[in-house]
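Remember, predicted model here, so these are calculated numbers, not experimental data. Within every chain, numbering begins at 1; the chains are lettered A, B, ... in the order of the sequence lines, protein sequences first and strands thereafter.
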Amino acid sequence: MSESKDFLRMIVEEDLKSGKYKEVVTRFPPEPNGFPHIGHAKSIVINFGIANDYNGHCNLRMDDTNPTKEDTKYVEALKDAVEWLGFQWGDDVHFTSDYFSKIYDYAVELIKMDKAYVDSASEDETRENRGTVKQAGKRSKYAQRSVEENLDLFERMKNGEFKDGEHVLRAKIDMSAANMKMRDPLLYRIRNVHHFRADNKWSIYPMYDFAHCLSDYIEGVSHSICTLEFENNRDVYNWVLDTLGLTTSRPYQHEFARLGINYTVMSKRKLLELVQGGQVSGWDDPRMPTIAGYRRRGYTPESILNFCDQIGIAKANSMVDVAQLEFCIRDDLNTKVPRVLAVLDPLKVTIVNYEGNEEIDAPYYPHDVPKEGDRKIPFSKEIYIERDDFMENPPKGYFRLTPDQPVKLRHAYIITCKEIIKDTSGNIIEIKAEYIPNSLSGSDTSGIKVKSAIQWVSIAEAKKVEVRVYDRIFKDEAPEGIEDINPDSLKVIKNAFIEPAVITQKPDERFQFERQGYFYFDPIDSTDEHPVFNKIVGLKDSWSKKEKPAKSEAKPQTKKVQVDGEVIAMSEKQQTLFDKYTSIGLNTEVSNTLARDEQLSSFYEETLSELNSPIALANIVTNEVARELKQMQVDELKFSAKQIAELIKMVDDGTISNKIAKQVFEEMVISGENAAQIVENEGLVQISDPSVISPIIDEIIAKNPDNVAKFKAGNTKLLGFFVGQVLKTTGGKANPVVVNELVAKKLGE
RNA sequence: UGGGGUAUCGCCAAGCGGUAAGGCACUUGCUUUUGGUGCAAGCAUUCGGGGGUUCGAAUCCCUCUACCCCAUCCA
């Protein structure tokens, strides 16, 4: 449990606390028209996670309102994903199609209320009439149809009497709404097609905006959580529910930012393109960001869950670094998985002074992983090592085998290079080496210090395996489409070698091939004769980083200069006000704010007639009153100009501090009580007497020796900390000016 | 006649008027027979810019800027 809660959980907690809902009910509502990706995982974790955290429940609902795109195979993929991630959806999977009858009835109700009509305009006409973002739309002429006619037409639509596109059902809202979604949104369209669950029962299908809110309502959902792009749809969501009077314990929609990860794409359309274009082997290709893909790649559910936890939930569009995901899988596998030796790019080494063979005991887990298990590794005269692990002319800092540098064979002996065999074109094809007999791991008495240990396999006993090494599927950090595809995202190694225990003992499905990375026994293409391993992720590699440092990203130190845009000029009337305000001593900023806002200026004038304190009044009006006026009209305010004047008077005569004035104001906003009354009720009179404040300061100083030391060491910011503490213990009543002085004095001693 | 959102370190992200959390990445040491792991330390005098209010502002007010979403009979 992290100490800070995300904004959704804060909303849920408030709603539970206020008694808005007895139980929190969420839902994960995908459309079954594609395989779920890691973005869905985020949504799953949010919805099921919140339900779990607050003892509620979460439904799995297939939003199957568009029969032309949906299919059972996707339903199965979705169920698999949720299950694999470890969540339970209760008795049944829900389907929006289960509610088609109820949704139909609600539509009939809307028609009866004259809040919906059958529109028979063509698709083009409808689009044209919708207007643009800057221009109001025009309502269709069919909107005038009588309730009876609408009822009749709608029923006949349902009965399949019309062809696709002949009519639609529309909500009657507002064709000139600023929110385009509210311009008489479509509720139903005709689709004379087969639905994968409802068969041919329906000729009309509800649109998202109509079906979703009602499905949520029918299921008793309390918090309908979706992604940011539905923000505009929220108005329709609320309109439908409110208009139908479905207001008791109804759901509310909340939006969060969808997940983006760099070097991949997350839209179903683009993913489908990759599948259909043959760029990948399928939805479960290990390079795909689908759940099926990660699963096939070898990712664990725990790692995905952990990733979702780490990235948090917020409303800012963001792009998470894939390194964060890679960290999660490494972190998970590190403590779980056996280590074995495998050679991907073999270089033959003949140990000239070794004869016969032996079996070496080796633990599966390193000293820092508290797991038991070991195996025997065959050792003999002829072995393979990784081609990278030998260099004839090594760079500085190279720790592995060279003509002059011995190396340890992991779990086995130290060897030294005696001779390099090359083919006619100069490629190294074999190393002749000698081993140090008394250097066996665990009983090494050779006294030779090596800089590293490398993996190896004995040629005679090693199993040949296929290894598939994956790189990011796109070369661009924010890929647009197939043109950004990384042509080298898949490397198939047919002739990799692995120690035999992996195949015969099968100690796990996932392994760490020492020094190389984590690998997964591919569950689909592997057979006993032909094992296939997928590389899940490499180990962190600080050597190759050092060797070829990523091009130094010279920090663009340029402080971004921002040009200010033009400010709209004031009208004559505003200008007159502005001049007046500056002349009575207000600064230009305050004068400007006041002059440009009619509500504010008239409110200000009113306070001014009550009290001659132009600056203080202007300040509270432009700052605090303005905030309230953002949310309501003047006549909705609970407090009057006169009350504000009274409040400021108390500040002016020193009864209360500015800080307290704000507190009193908050109270006034809610209760509408007079300032004097609030001050009296809560005993908010300011304390300015140093003899009262002093001991409090002493106490706080005594309690925070660390911060005192830091302050004395030069961290003057801490003055604010001490002042804050004093104000806190006095309930805000201490005169901050006095406190500041005293604290500074005492700390200066 | 436009509307709705969002901006805090290279990438995520807490923070809700009183000391700028945490994770990833990065950089140093130390440990290590995986150049892994672990441990320790270092990484934002400043919160998109500019003003204002306040003893005190990432937090309140004004203003500007940038980015995202909306004109599917998709969801």
Side-chain angles (χ1 to χ4, degrees), chain A residues 2-4 30-31 33 63 65-66 69 123 126-127 130-137 164-165 168 176-181 183 186 188-191 207-208 212 228-234 255 257 262 310-312 314-321 323-324 327 330 334-335 339 366-369 399 408 410-411 441 444 450-455 512 514-516 539-544 546 553 555 560-567 587-590 592-593 596 619-620 622-624 626-627 657-659 662 707 710 715 717-725 727-728 736-737 739-740:
Chain A
S2 53
E3 55 292 307
S4 57
E31 180 187 15
N33 68 343
D63 207 5
T65 57
N66 185 1
K69 297 208 287 185
E123 208 172 324
T126 302
R127 189 180 4 261
R130 187 141 35 217
T132 68
V133 288
K134 297 194 184 202
Q135 248 176 329
D164 287 12
V168 291
S176 55
N179 180 355
M180 297 291 292
K181 297 279 182 199
R183 322 250 258 227
L186 271 65
Y188 269 93
R189 79 292 217 184
I190 298 171
R191 283 270 187 284
M207 304 288 291
Y208 167 85
H212 205 89
L228 247 30
E229 67 268 27
F230 291 101
E231 274 170 332
N232 296 320
N233 299 260
R234 189 175 54 223
E255 310 88 9
N262 56 10
Q310 287 187 9
I311 56 174
K315 293 191 78 152
N317 280 313
S318 57
M319 177 90 83
V320 177
D321 193 332
Q324 187 106 27
F327 166 82
R330 278 192 205 107
N334 177 43
T335 55
R339 319 288 142 124
H367 63 93
D368 51 359
V369 172
F399 290 171
K408 175 75 127 205
R410 178 76 164 146
H411 296 129
S441 280
D444 187 345
V450 292
K451 291 214 172 93
S452 75
I454 61 174
Q455 70 273 24
Q512 185 192 107
E514 290 209 33
R515 305 208 304 134
Q516 314 207 78
L539 258 26
K540 214 171 132 184
D541 183 1
S542 32
W543 164 241
S544 61
K546 201 175 284 174
E553 285 155 41
K555 259 193 184 171
K560 40 200 162 180
V561 183
Q562 281 202 23
V563 242
D564 275 5
E566 290 264 309
V567 181
N587 69 38
T588 52
E589 186 67 27
V590 171
N592 192 28
T593 308
R596 282 172 184 275
N619 286 340
I620 191 167
T622 34
N623 290 294
E624 314 306 314
R627 181 172 64 241
S657 63
N658 256 307
K659 186 187 172 76
K662 296 205 180 188
N707 281 337
K710 275 199 237 167
N715 190 348
K717 263 186 309 192
L718 254 23
L719 188 68
F721 164 76
F722 287 105
V723 175
Q725 291 298 309
L727 263 332
K728 202 170 152 194
V737 183
V739 174
N740 260 300

Side-chain N or O of [X] versus OP1/OP2 of [N]: is the shortest distance under 4.0 Å?
X	N	result
A:Ser452	B:U33	no
A:Asn619	B:U54	yes
A:Arg130	B:C73	yes
A:Asn587	B:U53	yes
A:Asn317	B:G5	no
A:Thr335	B:U37	no
A:Arg191	B:C74	yes
A:Arg189	B:C74	yes
A:Ser542	B:G36	yes
A:Arg127	B:U72	yes

For a quick check, tell me whether the side chain of [X] and the base of [N] share a donor-acceptor pair closer than 3.5 Å.
X	N	answer
A:Lys451	B:G35	no
A:Asp321	B:C11	no
A:Asn334	B:U37	no
A:Asn623	B:G52	yes
A:Gln324	B:G23	yes

* **A:Glu231 bridged to A:Lys181 by N-O distance under 4.0 Å** => no

* Asked: Got a salt bridge between A:Asp164 and A:Arg189, using NZ or NE/NH1/NH2 to carboxylate O under 4.0 Å?
  ->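 No, no charged N to carboxylate O under 4.0 Å.
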
Can you figure out which of [options] approaches the side chain of [X] most closely?
X	options	value
A:Met319	B:C12, B:U53, B:A75	B:C12
A:Val133	B:C12, B:C61, B:G2	B:G2
A:Val567	B:U63, B:A75, B:G35	B:U63
A:Lys181	B:A71, B:U34, B:U19	B:A71
A:Lys659	B:A14, B:U1, B:G17	B:G17
A:Asp368	B:U19, B:U37, B:G35	B:U37
A:Glu624	B:G35, B:C60, B:U37	B:C60
A:His367	B:U32, B:G35, B:C55	B:U32
A:Ala314	B:U37, B:G18, B:A13	B:A13
A:Ser441	B:C68, B:G36, B:U33	B:U33

For atom [atom1], what is the distance between [N] and [M], given to the nearest Å?
N	M	atom1	result
B:C60	B:A66	P	23 Å
B:G18	B:U59	P	12 Å
B:A41	B:A7	C1'	32 Å
B:G29	B:G36	P	13 Å
B:G35	B:C30	C1'	15 Å
B:U72	B:C67	C1'	24 Å
B:A71	B:U53	C1'	42 Å
B:G52	B:C43	P	32 Å

If we ignore angles and hydrogens, is there a donor and acceptor under 3.5 Å between the side chains of [X] and [Y]?
X	Y	value
A:Asn33	A:Glu31	yes
A:Arg627	A:Asn623	no
A:Arg515	A:Gln455	yes

* To do: For A:Tyr208 and B:A75, say yes or no: do the ring centres fall under 5.5 Å of each other while the ring planes differ by less than 30°?
  =>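 Not stacked: fails the 5.5 Å / 30° test.
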
* **Pi stacking test for A:Phe399 and B:G35: under 5.5 Å apart, planes under 30°** =>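 Stacked: centres under 5.5 Å apart, planes under 30°.
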
Base, sugar-phosphate or nothing for [X]? Non-hydrogen atoms, less than 4.0 Å.
X	value
A:Lys717	base
A:Phe230	base
A:Lys315	sugar-phosphate

* Asked: Is a side-chain donor or acceptor of A:Asp541 paired with a backbone partner of A:Ser544 at a separation under 3.5 angstrom?
  ->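 Such a contact is found between A:Asp541 side chain and A:Ser544 backbone.
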
* With rounding to the nearest 0.5 Å, note down the distance linking OG in A:Ser452 to NZ in A:Lys408. => 11.5 Å

